[in-house]
Every structure is written in C-alpha cells, then in structure tokens.
Amino acid sequence: MQSKAIQVTGFTKAYGDFVAVDGISFSVEQGEVFGLLGPNGAGKTSTLECLEGIRRPTKGALDVMGVDPSRNGRKLHNLIGVQLQTSGLPATMQVDEAMRFFSAYHGVTPRYDLVDRLGLSEKRDSQYAELSTGQQRRLALALAVAHRPAVLFLDEPTAGLDVGSRSELHVLIRELQSEGTTIILATHDMAEAEKMADRVAILLQGKVVVTGTPRELTATGAGFTKISVRTEKSLLCENGIAFPAVHRRLVKDEYTVYFSKDPGPTVSAVLAYLTEKQETLIDLRVERPSLEERFLEITQTGGTA
Amino acid sequence: MTALVNHFAFEFKAGLRNATLLMMNYLFPLGFYVMMGLVMTQINPMFAETMIPAMVVFSAMASTLLGMPTPLVESREAGIFRSYRINGVPAANILLMPVLTTVFHVLIVSAIIALTGVPLFDGIAPENWPAFAGVTLVAVLSCAGIGSLIGVVAQDSRAVVLFSQLIFLPAMLIGGVMMPLDVLPESVRPFSLLLPTSHAMQAYLGYAYGQETLLSPLGAVLVLTGSGVLAFGLAIYLFNWDSKNDAQRGHPLMALLALVPYVIAMITQI
C-alpha cells in the first residue's frame, strides 16, 4: 500500500500564454491534513482543479491514490470528495434529494446522518436556493464526504460559516483524519490552517515557495515572539528597563509588550527583575509568531524571506 | 440503475418546480392551445382539421426549444455541472435526463390536447392513434435533440433566446403549424423544409390522418430522426462542463451539422 496519497511532480498549468502554476512539486501523505495557502491568483484553484480531474495539466505528473486524475476520471470520482469553493446544485434540488442523487452515483447508501449532524435536519425538504450560504456550504460538505472518500478536497470550507458550524467542521475534519482520510485544505484563513493542517505549502505566483509544518514555518521567519506582561504597580511600563533579545517594546492597556527573537532569556530576565523589585505579576502571555504573520512576510517579500 | 432513476425523478420534478419550465412545459402550450381552440377555429374553421397535431407540435417546441436549453446553460454557468462531474455523473446523463423528462412532460400535454381537442373545440381526431403517438414521440425527441444542442452551444441565456427563436418563430409562421404547407407561396415552401415542424406535420397528416401530403411521410420521419440523433450526438460531443474549460472538443459551429437532414430534404424536394 502506498503511503503517498498525492504526488505532484513538475506540474504546470497554463491558460494560453498565462502560466497559472509553474512546475510545482509536492506530496501529501495518507491521513495528513495538508494546507494549500496563497494569495488570490497564486495557483491554488488551478492545482486543486487538476488534482480533482476538472482540468488537465499542461505539463507534469499528478497522482491521487495511484490514479492519474486526467486519465482515469471514473476511478477518481469514488476516491475523492470535493467541496468546491463555488459549487452549485440545481436551485430546486432538495437537501435529501441531493444526498440521494449523489450517493446513488457513488453507489453508496445516502448518509442522512451527515445532513443532521451538519445542522440541516430542519432543512431536509428545503430546496437548495432556499438555503443560506452557510447551509449550502454545509450541504456541499456533507455530499463531499458521504461516500467516505480517501482524499477530501476542501476549498475555503469555512467561508460563510458561523462559529458553531466552523467548530463542528473542524471536529468533522479531525474525525475524518482519524479514519485515515487525507484532507487537502485550501484556505485564506491562516488561523484555521495553523490549527488544522499537519503541513502547509504556500504558493506564490504559481510556485511553491515554502513547505513544512506550521510550527516549522513560523520558526524560520523573521517574526518575533510577543511577550505581554502585566504587574500590580505597572513597574515595567516605565521606560529605560532593558531585557535581553528584545527588539521592540510597547505599552498597551496596562500591559508591557516585548517583541523578542529569543523569548526564553527575555522571560527569565523579566521574571528575575520583577522578583528583585518585589513586584507582583498579574498576567504573563507568550505568543509565538502566527502563521498569518509568516504568510504576510513571505507574500510581501515575494517568497524570499 | 438507482442513479438513473433518481436523476430522472429529480429532473422530472424540476420541470414542475422551476417556474420557467412549468410555464414552458404546461402553462404556455396549454394556454395557447385553449386560445387557439377558442379563437382560431372560429376565424379559420379549416384549422380544426389540424389543430390537434399542430398544438402537439407547438407544445413540443415550447418545452424543448424555449424551456429546456436555458437550465442547461444556467447550470453550466453556475458550476452545477462541475459538481456533477466531480461526483461521477456522466455528460450523457446530464443531457439525456432533461431530454427524457421533457419528452415525458410533452407527452402528458399531448395526451391532454389529443383527448380534449375533439370534445372542447371540435378538432379532428387522428384515424391512426398508434401512428399519432409514434410521430409525436419522434417529433418530440427530434426537437429535444435540437434543444439540448442549443443548451450546449449557447454561451448564455440571451444566446439561448436568439437560437431558439431562430427556429421557433419561423416554425410558427411557415412550419405548417398555423397553416398547411400547401397554402404557402412556392418561394417560401423550400425554406419551410428547414424546420422540424414542417416534417412533423407532414408525418402526422400522412400516417395519423391518412391524408395526401406534399412530402413523403417516411422521409419526414427519417429527417426528424436523423436530425434528432445528429443533434443529440453533437450535443454530447460539444458538451462543456464549464465555460472556462480549455479543452473544448469542437467548434460550436459544428452544431449546424444537425441541420444537414433538413438541407438534404430541402434540396431533394426542390
């Protein structure tokens, strides 16, 4: 049994003279949640559409669970589940009808439990056009996973979802992953990618500029760890107190915030200073650079950072 | 098989739930039928002789040319076909199911017209009911083939209206529906042979009513069948999952090949 769920090798997609994706390569392990990140026009959708068999690659090789998407679409359909960013269903198709319709084409029993679980139990007789955007996306997700695909493509899955639905989706993603489903998550929501993805690839102008775990990516950037300290007498708010590795300091809402490249010595020094001055510590927060900050750093420098 | 049954059931219900389709499948043809039955039979008593087949052909055109193509275009543009493709729905089914369900709707309307035309409006019943049913089926399938081809090649809803009206309006004027072919001026008659309604009406008159016809009824049936098969085959060949697809198999002008049987009929009849 192969361990790679997806293998992309030298993949190029061009539309006439415009090269949307330029010779990228990456692989995704089975059971992995893989985040595909990038600004608009980076080539995420073209990559996904070729992996999903909707479009043909201009050059390079694509492999999804041992299947070439452009050559063996029929076999691919039962291996993958796709929640398209702009997927549509016929306006008059009812929720239950959609589940029956697509399940039948996949040759599986309809999963009405998913409809209920994704909060659509009250809407089972409603037509697609009567659903809110969030409900339409939840239905699309239910349809995408109903046939228990080996690989699930999620394109902006939480766009338009409320907090509860988003949380439920994250639980569902974890469940599917624990059952061995490989999940490709294309999103603009960096917090979501950081929380859900085991590894991410950042695409920029049709090229993969960086690949790794969210922690690896944030560790390699020029980002600073944010150390926020609040004390009883606000002693640290006074100017002139220097701590090691601190790049910048600011005071905000009774907190003194230090931006440090090396948070260990900084925190140790702050605590030692407070002990020496017999100052009472009320709150201490250490926040490492977020994936969003790293993403912005990469995209603003054109991938050279 | 379950997938096909589900697909057929959904498309059939869509023909009733969708306001435009409901209008084109039932309200427009039946309303027009009642109006023609009340008014036209009074103005032109000769119309009663061909009212039943003429109104059946009219309902076939309304459903297949004015109703069916627009949802095909809208579904393609709304990304519905992409959802279908990802979930393994074959292109042939996407085109075949609307054709079959539209045929079903037209047959229901045809039955209503055929059964009420005589008692309500003194229409003339067909002499040969099986032949009437057979010609109806061929005519509807032929128009449905053209309708699906229009749905495939039209870029948007406005193009659908244009292409559909290019057939619908001439068919109403010179296609043997409102007046028989033999009363048309000689100069116009060859052009009427480019229209499916002319052949459908000739087949009805020859086979279902046992009348003398200008064209061979068999030739008319063959033209309708040939054009329908060609149109549906071309629709499958030219089918596009979405408008951004860069792998189109043929130029949309290939759709004109569906007219070849009509052109042959026109040339041979001249």
Side-chain angles (χ1 to χ4, degrees), chain A residues 13-16 18 20 45-46 48-49 51-58 69-70 73-94 96-110 127-130 139-140 143-144 146-147 149 153 155, chain B residues 1-23 25 67-68 70-98 101 105 151 157 239-249:
Chain A
K13 179 63 188 173
Y15 302 94
F18 174 69
T45 302
S46 291
L48 288 182
E49 288 182 341
L51 285 169
E52 293 158 4
I54 296 175
R55 300 191 194 285
R56 287 174 175 273
T58 308
S70 61
R74 192 163 291 185
K75 197 171 174 188
L76 184 75
H77 297 142
N78 289 328
L79 288 172
I80 67 168
V82 181
Q83 184 201 27
L84 290 166
Q85 190 182 353
T86 52
S87 71
L89 289 177
T92 59
M93 188 177 260
Q94 293 172 337
D96 269 7
E97 222 165 36
M99 181 54 78
R100 265 198 308 278
F101 184 94
F102 289 110
S103 296
Y105 269 107
H106 283 295
V108 299
T109 310
Q127 295 180 9
Y128 185 70
E130 296 167 352
L139 174 60
L143 298 175
H147 59 291
F153 293 92
D155 199 354
Chain B
M1 191 62 192
T2 310
L4 293 178
V5 171
N6 276 328
H7 199 152
F8 182 88
F10 165 68
E11 288 288 350
F12 184 76
K13 283 185 264 185
L16 301 170
R17 289 175 187 159
N18 180 309
T20 308
L21 288 179
L22 180 67
M23 170 68 80
N25 286 336
M68 202 178 78
T70 303
L72 286 173
V73 172
E74 289 174 347
S75 296
R76 184 185 66 221
E77 297 306 305
I80 293 168
F81 292 162
R82 285 156 64 91
S83 299
Y84 281 6
R85 181 180 196 180
I86 284 163
N87 287 288
V89 182
N93 289 11
I94 292 173
L95 292 173
L96 185 63
M97 290 303 159
T101 52
H105 289 301
S157 301
F239 179 77
N240 227 346
W241 294 97
D242 64 64
S243 53
K244 296 172 196 138
N245 195 345
D246 52 355
Q248 188 147 14
R249 285 194 288 187

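Below, chains carry the letters A, B, ... as their sequence lines are ordered, and counting in each starts from 1.
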So, taking the atom named OG1 in B:T2 and the one named CZ in A:F101, what distance separates them when rounded to the nearest 0.5 Å? 13.0 Å
B:F8: which residues meet the ring-ring contact (aromatic ring centres under 6.0 Å, His included) condition with it, sequence neighbours left out? B:F104
Taking atom CG of A:L143 and atom CD1 of B:I86, what is their separation to the nearest 0.5 Å? 11.5 Å
Heavy atoms only, distances under 4.5 angstrom: which of A:A91, A:P90, A:G53 has the most pairs with chain B? Name it, please. A:P90
Set out, in order, the CA-CA distance, both residues' side-chain angles and the distance that settles side chain to side chain contact (heavy atoms under 4.5 Å, CB included) for A:T92 and B:K13, then state yes or no. CA-CA 9 Å; A:T92 59; B:K13 283 185 264 185; over 6 Å; no
Compare every heavy atom of A:G88 with every heavy atom of B:S83, then report the nearest pair and how far apart it is. OG-O, 2.9 Å
Tabulate, in ascending numerical order, the residues of residues 88-98 of chain B having at least one heavy atom closer than 4.5 Å to a heavy atom of chain A, or enter 'none'. B:G88, B:V89, B:P90, B:N93
Taking all atoms of both residues into account, what is the closest heavy-atom pair of A:A104 and B:A3, and its distance? CB-CA, 3.6 Å
Can you give me the closest heavy-atom contact between B:F10 and A:E97, atom names plus distance? CD1-OE1, 3.5 Å
Measuring heavy-atom distances to chain A, does B:Y84 have an atom under 4.5 Å in its side chain, in its backbone, in both, or in neither? both
Quick one: of A:Q127, A:Q94, A:R100, who has the most non-hydrogen atom pairs under 4.5 Å with chain B? A:Q94
Rounded distance [0.5 Å steps], CZ in B:R82 versus CZ in A:R55: 5.5 Å
So which atom in A:Y105 and which in B:N87 form the shortest heavy-atom distance, rounded to 0.1 Å? CB-O, 3.7 Å
Take B:R85 and A:E52 through the test side chain to side chain contact (heavy atoms under 4.5 Å, CB included) and record every step on the way to the result. CA-CA 10 Å; B:R85 181 180 196 180; A:E52 293 158 4; over 6 Å; no
